[in-house]
Amino acid sequence: MKADYSEHPLRYWVQVFSVDTWKEFLDAGAKVTGFRENRWGFVQQLKPGDFLLCYVSRISRWVGILEVQSEPYLDTSPIWKRETYPCRADVRIVASLPVEEGVPIKDLADRLSIFSGPIWSLHLMASPTRWKEPDAKVVFEAIQSRT
């Protein structure tokens, strides 16, 4: 049963993973996600009920949707091998795809506003990054259609 977040407007964010950090997130139980320390100001804006659209850099694919389940917090418990990502939030998986079956971002280019500018990849450099609802819904539906 989905929690009631009616007092909180629906918000979408992008979280950028590498192939390795996505695998490590899944291997650790997929219940806690993390971000770099210098993103704490943005992470603190996450609220329960927000959605994280999971994008894997280098292969340029959408692989999952997470729903934030907690207020953000700081924790240095090991989850990832190369970095700590201490700015964290509890999450639940709404949808998840194997990276090789992820939705190529260019398949959605004609429906995403980020492609109207000169350098679309700038919208996927740091995370979390808030996304416009129409763009987020395109990604959300594309991921869900493959699960």
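Only this structure's heavy atoms are used, side chains among them; waters, hydrogens and symmetry mates stay out.
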inquiry  = Set out, in order, the CA-CA distance, both residues' side-chain angles and the distance that settles side-chain contact (heavy atoms from CB on, under 4.5 Å) for Arg146 and Val103, then state yes or no.
reply    = CA-CA 8 Å; Arg146 293 189 182 208; Val103 179; 3.6 Å; yes
request  = Please step through side-chain contact (heavy atoms from CB on, under 4.5 Å) for the pair Leu74 and Cys87, ending with a clear verdict.
outcome  = CA-CA 5 Å; Leu74 297 171; Cys87 304; 3.9 Å; yes
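- Partners of Phe17 under the ring-ring contact (aromatic ring centres under 6.0 Å, His included) rule, at least two apart in sequence or in another chain, are Trp22, Phe25.
- Between Val43 and Pro128 there is a side-chain heavy-atom pair separated by less than 4.5 Å.
- Not counting sequence neighbours, the partners of Phe140 by the side chain to side chain contact (heavy atoms under 4.5 Å, CB included) test are Tyr12, Phe51, Leu53, Ile65, Val94, Gln144.
- At distances below 3.5 Å, not a single donor-acceptor pair connects side-chain atoms of Arg82 with backbone N or O atoms of Asp20.
- Taking the charged nitrogens against the carboxylate oxygens, Glu133 and Lys137 do have a contact shorter than 4.0 Å, which makes a salt bridge.
- For Ser60, the side-chain hydrogen bond (donor to acceptor under 3.5 Å, both in side chains) partners are Tyr55, not counting sequence neighbours.
- The closest donor-acceptor contact from the side chain of Asp50 to the backbone of Lys47 lies under 3.5 Å.
- The closest donor-acceptor contact from the side chain of Asp135 to the backbone of Ser113 lies under 3.5 Å.
- Here the side chain of Gln15 pairs a donor or acceptor atom with the backbone of Gly34 at under 3.5 angstrom.
- To the nearest 0.5 angstrom, Trp13 atom CH2 is 14.5 Å from Leu66 atom CG.
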query = Checking salt bridge (charged side-chain N to carboxylate O under 4.0 Å, His left out) for the pair Glu83/Arg36: CA distance, chi angles, key distance, verdict?
reply = CA-CA 8 Å; Glu83 287 195 51; Arg36 290 189 169 110; 2.7 Å; yes
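- What you find for Arg88 and Thr76 is that their closest heavy atoms are NH2-C, 4.0 Å.
- Atom CZ of Phe42 has 12 or fewer neighbouring heavy atoms from other residues, nucleotides or ligands inside a 6.0 Å radius.
- Between atom CG of residue Asp27 and atom OG1 of residue Thr21 there is a gap of 11.5 Å, rounded to the nearest 0.5 Å.
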inquiry  = Evaluate Asp107 against Trp62 for side-chain contact (heavy atoms from CB on, under 4.5 Å), listing each step before the verdict.
reply    = CA-CA 11 Å; Asp107 286 2; Trp62 298 102; over 6 Å; no
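- Distance alone, capped at 3.5 Å, places no donor-acceptor pair between the Arg61 side chain and the Glu101 backbone.
- Here Glu71 contributes atom CD and Leu46 contributes atom CG; the two are 9.0 Å apart, rounded to the nearest 0.5 Å.
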message = Ile105 vs Leu112, test: side-chain contact (heavy atoms from CB on, under 4.5 Å). Steps then yes/no.
response = CA-CA 9 Å; Ile105 193 168; Leu112 295 175; 4.1 Å; yes
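- Nearest heavy atom pair, residue Ile143 against residue Ala95, reads CG2-CB, 3.9 Å.
- Minimum heavy-atom separation, Ser18 to Ser57: CA-OG, 4.2 Å.
- For the pair Arg92 and Lys31, the minimum side-chain heavy-atom distance is 4.5 Å or more.
- Of all the heavy atoms in Val68 and Ala89, the pair that sits closest is CG1-CB, 4.3 Å.
- Summarising the geometry, atom CG belonging to Asp90 is positioned 12.0 Å from atom CD belonging to Glu67; distances are rounded to the nearest 0.5 Å.
- The side-chain heavy atoms of Ile93 and Val91, taken from C-beta on, include no pair separated by under 4.5 Å.
- Summarising the geometry of Gly49 relative to Leu10, their closest heavy-atom pair is O-CD1, 4.0 Å, with the distance given to 0.1 Å.
- When every heavy atom of Ser127 is checked against every heavy atom of Val14, the shortest pair comes out as CB-O, 3.3 Å.
- Residues Pro86 and Trp40 are not in side-chain contact: their nearest non-hydrogen atoms beyond the backbone lie 4.5 Å or more apart.
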